[in-house]
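Some notes on the structure that comes next.
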There are 2 protein chains.
Amino acid sequence: MRIGELADRVGTTTRTLRYYESRGLLPARRDGNGHRTYGEADVRLLEQIRTLQDFGFDLEETRPFVECLRSGHPAGDACPASLAVYRRKLGELDSLIDELTSVRAEVGAQLARAERAMAGLAADARAPGGPEPRCELGDTTEGKGVRG
Amino acid sequence: MRIGELADRVGTTTRTLRYYESRGLLPARRDGNGHRTYGEADVRLLEQIRTLQDFGFDLEETRPFVECLRSGHPAGDACPASLAVYRRKLGELDSLIDELTSVRAEVGAQLARAERAMAGLAADARAPGGPEPRCELGDTTEGKGVRG
DNA sequence: GCTGGCCCTGACGCCGACGTCAAGGCCTAC
DNA sequence: GTAGGCCTTGACGTCGGCGTCAGGGCCAGC
């Protein structure tokens, strides 16, 4: 199998496969013309790489899985080094999710506060004297705690 | 106030301020020597930018907030365009958190499965005949559903 | 007068995972 | 023979948010 066919089979591009090879991740044999040649095992290596990429693993993190497969194991995660990557990734995911969740809460709170403020201004515009206070950009010493 | 002092006051670098200016986000007046000059209002603009950056907003997304402040509003999120960015960001955060959560679950399941498999192999190695089945990389048609 | 400190512009470097273009080789079909 | 299709290597482009360097100016203090 040549590079174009392999790329088609796993739904990627020849450029990607050459890039993987340049990173030492997916070496290829060559035929008489210097063309890269791949076998069925390479399809599985590539599928392993793409699966992990879909999970957000970067290329270097897929290396233990690929080497595990190439060393004859039936699965890329049948080696301790792969499990270590799994565990590290789980930790990263957990802390990232935690962080994003707290950011989400903060942004949500800011939005709610700003919406209340806008509603208040709109009410002011309907009820009392003028439409808007026209705040100057002076040294009004405003703080971030305009919550209530 | 010149660029170095402003950078110190908000805890960033002069390079960053020049970059913001190049993006049209934080223009500066110039003194007789061509040096950038800033006022207190710029401190607040910058703090707004940095706060949003900490939330993961990219620079373009901070622009409505900055323009809102510069147009005289007391807060960067006192304008509809800013609220729209808040809402869009909340949506992005929600879907990102969802995605990461599902990835986390999948990776966790893969780790658990792989750990069970390794434990099984270890038990095999202790109990029966050989230490490892020495799987060839043949067409064994393995699927992804090796869960149970 | 000279050193040190701040400022200026312009431009290249970085990271990751490729996309894209250039220039050419080999093989097949017509 | 020539057009088309696949392959090769090499190298530059992309995106964001700056870091870092080169080369030069202005001003204060000793």
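Just so it is clear: chains get the letters A, B, ... in the order the sequence lines come, proteins before strands, and each one is counted from 1. Atoms considered below: every heavy atom in the structure, side chains included; atoms not considered: hydrogens, waters and symmetry mates.
Applying the 4.0 Å criterion to OP1 and OP2 of C:dT9, one finds that B:Arg36 has a side-chain N or O inside that range. For the OP1/OP2 pair of C:dG16 and a distance below 4.0 Å, the side-chain nitrogens and oxygens of A:Tyr19 include no atom meeting the criterion. Here A:Arg30 reaches the OP1 or OP2 of D:dT9: one of its side-chain N or O atoms lies under 4.0 Å away. Distances shorter than 4.0 Å separate some side-chain N or O of A:Arg50 from OP1 or OP2 on C:dC18. Phosphate proximity of D:dC18 to B:Gln53: present, with a side-chain N or O under 4.0 Å from OP1 or OP2. Contact check, A:Thr16 against C:dA17: no side-chain N or O comes under 4.0 Å of OP1 or OP2. For D:dG19, one of the phosphate oxygens OP1 or OP2 lies less than 4.0 angstrom from a side-chain nitrogen or oxygen of B:Thr13.
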| message | Between A:Arg9 and A:Asp42, is the salt bridge (charged side-chain N to carboxylate O under 4.0 Å, His left out) condition met? List the steps. | response | CA-CA 11 Å; A:Arg9 281 186 57 178; A:Asp42 294 313; over 6 Å; no
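Checking C:dC6, C:dA17, D:dG16 against every side-chain atom of B:Asp58, the shortest atom distance belongs to D:dG16. Proximity note for A:Asn33 (side chain, C-beta onward) versus D:dA11, C:dC27, C:dC8: the nearest is C:dC27. Ranking C:dC8, D:dC18, C:dC18 by closeness to the B:Ile3 side chain, first place goes to C:dC8. Comparing C:dC27, C:dT20, D:dC7 against the side chain of A:Arg2 picks out D:dC7 as the nearest. With D:dT20, C:dG19, C:dG25 as the choices, the nucleotide that has an atom nearest any side-chain atom of A:Arg15 turns out to be C:dG19.
Side-chain to base pairing of A:Arg18 with D:dT9: no donor and acceptor N or O lie closer than 3.5 Å to each other.
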